[in-house]
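Report on the following structure.
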Amino acid sequence: MSKYNFAAIEKKWQDYWLKNNTFSAKIDKSKPKFYALVEFPYPSAQGLHAGHPRPYTALDIVSRKKRMEGYNVLFPIGWDAFGLPTENYAIKNKIHPAKVTAENIKRFREQCMSLGLSFDWQREVDTTNPDYFKWTQWIFLQLFKAGLAYKKQAAVNWCTSCKVVLANEEVVAGNCERCHGEVVRKVKSQWMLKITEYADRLIQDIDEVDYLDRIKSSQINWIGKSQGAQVSFKTTAGAPLEVYTTRPDTLFGATYMVISPEHPFIEKWVADKTLKNVDEINDYKEKAAKKSDFERSEMAKDKTGVLLDGVKAINPVNQEEIPIFISDYVLMSYGTGAIMAVPGHDSRDYEFAKKFNLPIVEVVKGGNIEVEAFTDCEKGVMSNSGFLNGLSVEDAKVKITEYIKENKLGEEKTNFKLRDWVFSRQRYWGEPIPVVYCAQCGWVALPESELPLKLPEVDNYLPTDNGESPLSALESFINTTCPTCGGFAKRETDTMPQWAGSSWYYLRYCDPNNDNELISREALEYWMPVDWYNGGMEHTTLHLLYSRFWHKFLYDIKVVNTKEPYKRRTSHGMILAEDGQKMSKSLGNVVNPNDIVDEYGADSMRLYEMFIGDFEKTATWNTNSIKGCKRFLERVWALTDILEAGDSYSSELETAFHRTIKKVTSDIEQLKFNTAIAAMMSLINDIYSNGKVNRKELFDFLTILNPFAPHITEEMFEQLGFGEARKQKWPTYDDALCVDALVEIAVQFSGKIKLRINVPANATREELIEIAKSDNGVKKLLEGKKIIKEIAVPGKLVNLVVG
RNA sequence: GCCGCUGUGGCGGAAUAGGCAGACGCAAGGGACUUAAAAUCCCUCGAGUGUAUAACUCGUAUCGGUUCAAGUCCGAUCAGCGGCACCA
């Protein structure tokens, strides 16, 4: 046969697939559907790097196999194209971001095509296209109308370098996730989405979906549900202080209180002259305000604080007067912004109490509070706690909670770490928020007929130094009339965060060109939910949570028909550069897929991406290792040299074929692409050892290889007159034929392997022992020894325990 | 600090549910073919002792345990990675 000319072959088939819309999905109710989804990329100016094809190829293999199994597969791709890097690039190079985006998308599209990915190119979505973001804006309007979008003065995370507000989720170790610039706290008026209203359902419904355990647990951790009580402490200044605690059972151990520097009572107590040391307090407040949340937590090692001189609180269970402090270890953003301090059983309170010489009382026995706080005390017994003495912590919790309720001291309460989603950005390249402000009517939604609200053309995309969006400088955009009263109104000039467009894109793929509605009922009912969604672990607490939230909201307003968008969620590991570091432009270690495809071919690239290691684990790129995959394909190509006639498996290869088909079939479902490829490599080794292959064998071999290496297999099919590889039925196997008639098993003496014997594969336990004991070699080794115990595992081994 | 994960040859990694550790591939060494090189094909390839194609011993981060049998289960320790982090 001719030489394996991958470049020509791959070009030929890619052109063919594109021209014929081969992978375009159409609703077909006679077939079961399968919706495979990969996270759509942000089309950066750098193009794809070697990490992108890993998840794409994986689900491409799944999709191609599912099609061969008779499913109607939807496998779409699109572009999450709003965002800062494009805007920054546009500013730097003075090109309109839309133009930059179009160029980047074109490049990404070509790169995806050159990998032979079987995306449905008729369903591409682009979040920056007005036909798309019309519906992003529409969803925002529904949230607004439902009272789930609201504007609020809030202390937000402000990236000093990007000049933009960040969501909590976008702040990493006190720095901007994207540019690593310094993040400071800033009070700004922001649009917020009430994701907290869905916190409970976001936890509960996670039981109904098939996500990797680590994904489930990080979502649950992020939402951070805790149960406890809100308790009211009377003060000598009148109004009571509310605290939240998960340990109401330790109430007798509360020897002082701490409130956050931002707590509203401070100003009140300053104003009514309750406090004596106002200067000291104001000084502390000022210092605390300058610190970011991150800096505050960095200071954790050394507790600081100031006593509120002039006011005391009263412990509601023992009526003792206790002092109140302000300290920045108490956050205004969690609970009530005030705590009861139980230094005997909380290490932060302990540290603070030691520093300020406050009494430490042991209310649960078992630790040594002379040395440290006894925090791990859930199984202890109460002491120094009045009517709780002698009870277990568990019982004490029940009893004190009843006591609190009976005496109207407070109530049971659930708290979440999850905060509402800061939804505005003061940048140009995002979806405009479709509301106006009218002095008479307040914030008013645009009528749906005015959507999409497009971005105006501007000359300057630079964010302003005062933190306003570049749109705020554009009179023609801002000034409008109020849809309600017809009076003068101003448009909102903030835009949406990048997460907006990606929170619902999987829906749009089902019906991408619908002008009248977000998705048609028919498309919704046929395609949803997503059967298999794969994406990066880094999106577990951001995109995945946000999109589940939006989906649940759309479910509530009856736009979608499922509670959850994604049935199954898996994650791939990152691909590191050859030097073991993250691929980055600045380190110059980025592997460009184009170079690999040019030198080794797309099929070799695809195989290597899958063969590199455990799909879920981080892998280090090694260009040398691609050679093995290339060699494998060369050997596949050369199989025609030893081809013979035959329409059933030869006896020599029958078992190997059944076994390999079985392994490849199940490995694909379990994301074990590396071992599936290893199994096919083994099979080809067996074929070459056998010296010949017949048409039936080659046909099936190429069929199972097709999802992995679609170009070469399609070409060989054509040349051999087999038809079209991708249209074949996925081969089946017979479990009974997966093992050889004779197998070699190990014979152990007291657990040590002494020799190996051949036995029938289906021999029972008893038969195995008989065969082993009658074996001459075994007999010899048994001379002079007594068998104490006989163990046999069919197909594996015989173990004779001798004395 | 808390939660989760990982630790296997020179390297990437295999090893259903406790049952022959190192599949498959890379690199390396030797050989064949070749004027030569590349490519290809064949052989070797965990460590050690050794009569060296026999036989034996050790070996899956470390120490201990359960078991006829442990990379796999249990306990402790060490190292690394990821996430969260003053969340009351």
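Quick caveat, the model's predicted, so the values are computed rather than measured. Quick note: numbers below take in every heavy atom, side chains included, and nothing from hydrogens, waters or symmetry partners.
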Locate the shortest heavy-atom distance separating [X] from [Y]; write the atom from each residue and the value.
| X | Y | value |
| --- | --- | --- |
| A/T620 | A/I612 | O-CD1, 3.7 Å |
| A/K773 | A/V778 | CA-CG1, 4.4 Å |
| A/L307 | A/P323 | CD1-CB, 3.7 Å |
| A/I195 | A/R419 | CG2-O, 3.3 Å |
| A/R214 | A/S217 | O-OG, 3.4 Å |
| A/L800 | A/E790 | CD2-CG, 3.9 Å |

Approximate separation, where rounding is to 0.5 Å, of [X] [atom1] and [Y] [atom2]:
| X | Y | atom1 | atom2 | value |
| --- | --- | --- | --- | --- |
| A/D735 | A/R659 | CG | CZ | 12.0 Å |
| A/I757 | A/L797 | CD1 | CG | 10.5 Å |
| A/L308 | A/M257 | CG | CE | 10.5 Å |
| A/S689 | A/I684 | OG | CD1 | 11.0 Å |

Write down the protein N/O and nucleotide N/O pairs, taken from nucleotides 67-69 of chain B, whose separation is under 3.5 Å; answer none if there are no such pairs.
| from | atom 1 | to | atom 2 | distance (Å) |
| --- | --- | --- | --- | --- |
| B/C68 | O2' | A/N799 | ND2 | 3.4 |
| B/C68 | O2 | A/N799 | ND2 | 2.5 |

Look at all strands and tell whether [X] reaches a base, only sugar-phosphate, or nothing, counting heavy atoms closer than 4.0 Å.
| X | answer |
| --- | --- |
| A/E634 | nothing |
| A/S226 | sugar-phosphate |
| A/K672 | sugar-phosphate |
| A/N685 | sugar-phosphate |
| A/I753 | sugar-phosphate |
| A/T246 | sugar-phosphate |

How many Å lie between [atom1] on [X] and [atom2] on [N], as a whole number?
| X | N | atom1 | atom2 | result |
| --- | --- | --- | --- | --- |
| A/K630 | B/C26 | NZ | P | 13 Å |
| A/I626 | B/A27 | CD1 | C1' | 15 Å |
| A/Y600 | B/A39 | OH | C1' | 14 Å |
| A/H345 | B/C86 | NE2 | P | 23 Å |
| A/R635 | B/C41 | CZ | C1' | 9 Å |
| A/I684 | B/G25 | CD1 | C1' | 14 Å |
| A/I223 | B/C84 | CD1 | C1' | 14 Å |
| A/D667 | B/U16 | CG | P | 11 Å |

[atom1] spacing across the pair [N] / [M], given as an integer number of angstrom:
| N | M | atom1 | value |
| --- | --- | --- | --- |
| B/U62 | B/U6 | C1' | 16 Å |
| B/C74 | B/G80 | C1' | 23 Å |
| B/G48 | B/U53 | P | 16 Å |
| B/U66 | B/C73 | C1' | 8 Å |
| B/U72 | B/G18 | P | 11 Å |

With respect to the phosphate group of B/A88, does any side-chain polar atom (N or O) of A/Y334 fall under 4.0 Å of OP1 or OP2?
yes
Under 4.0 Å between a side-chain N or O of A/R631 and OP1 or OP2 of B/A27?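 For B/A27, OP1 or OP2 has a side-chain N or O of A/R631 closer than 4.0 Å.
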Whether each nucleotide of nucleotides 1-13 of chain B has a protein heavy atom under 4.0 Å at its base (B), only at its sugar-phosphate (S) or at neither (-) is summarised, 5' to 3', as --S--------BS
Nucleotide by nucleotide, nucleotides 43-51 of chain B touches protein heavy atoms under 4.0 Å in the pattern (B base, S sugar-phosphate only, - none) ---------
inquiry  = I'd like to know whether A/T304 forms a side chain to side chain donor-acceptor pair (under 3.5 Å) with A/Y284, so could you lay out the CA-CA distance, the side-chain angles of the two residues, the decisive distance to 0.1 Å, and finally the verdict.
reply    = CA-CA 9 Å; A/T304 59; A/Y284 186 81; 2.7 Å; yes
**Message:** Apply the syn/anti split at 90° from 0 to B/G29 and say which one it is.
**Reply:**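 What B/G29 shows is an anti base, its glycosidic angle lying more than 90° from 0.
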Partner residues of [X] under the ring-ring contact (aromatic ring centres under 6.0 Å, His included) criterion, sequence neighbours left out:
| X | value |
| --- | --- |
| A/F701 | none |
| A/F233 | none |
| A/F708 | none |

Just the table, please: protein N/O against nucleotides 58-61 of chain B N/O, every pair under 3.5 Å.
none

Under the rule of Watson-Crick or G-U wobble with both distances under 3.5 Å, where | means paired to another strand and [ ] a crossing pair, RNA chain B maps to (((((((..(((......[....))).(((((.......))))).((((.....))))..(((((..]....))))))))))))....
Without placing hydrogens or testing angles, list every side-chain donor-acceptor pair under 3.5 Å for residues 223-231 of chain A, not counting sequence neighbours.
| from | atom 1 | to | atom 2 | distance (Å) |
| --- | --- | --- | --- | --- |
| A/K225 | NZ | A/D200 | OD1 | 2.6 |
| A/S226 | OG | A/Y244 | OH | 2.9 |
| A/S226 | OG | A/Y334 | OH | 3.1 |
| A/Q230 | NE2 | A/E242 | OE1 | 3.4 |

The answer to which of A/K754 and A/T336 contacts RNA chain B further toward the 5' end, by nearest nucleotide, is A/K754
Assign each of A/V743 and A/A338 the nucleotide of RNA chain B bearing its closest heavy atom; nearer the 5' end lies the nucleotide of A/V743
When you measure from the side chain of [X], which nucleotide among [options] comes out closest?
| X | options | value |
| --- | --- | --- |
| A/T675 | B/A15, B/A27, B/A88 | B/A15 |
| A/Y329 | B/C84, B/C86, B/C24 | B/C86 |
| A/A678 | B/A23, B/G25, B/G19 | B/A23 |

Could A/K355 and A/E351 be called an ion pair, given the rule that one side-chain N must be under 4.0 Å from one carboxylate O?
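A/E351 and A/K355: not salt-bridged.
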Are A/E616 and A/H572 close enough that a side-chain donor and a side-chain acceptor fall under 3.5 Å?
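No pair is found: no donor N or O on one side chain lies under 3.5 Å from an acceptor on the other.
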- Any donor-acceptor N or O pair under 3.5 Å, side chains A/Y329, A/D349: yes
Within residues 250-257 of chain A, those residues having any heavy atom closer than 4.0 Å to RNA chain B are none
A/I360 meets the side-chain contact (heavy atoms from CB on, under 4.5 Å) criterion, sequence neighbours left out, with A/P343, A/Y350, A/A353, A/K354, A/I369
With sequence neighbours left out, the residues meeting salt bridge (Lys or Arg N to Asp or Glu O under 4.0 Å) with A/K617 are A/D614
- Query: Is atom CG of A/D213 surrounded by more than 12 heavy atoms (other residues, nucleotides or ligands) closer than 6.0 Å?
  - Reply: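 Atom CG in A/D213 is not crowded, with 12 or fewer foreign heavy atoms closer than 6.0 Å.
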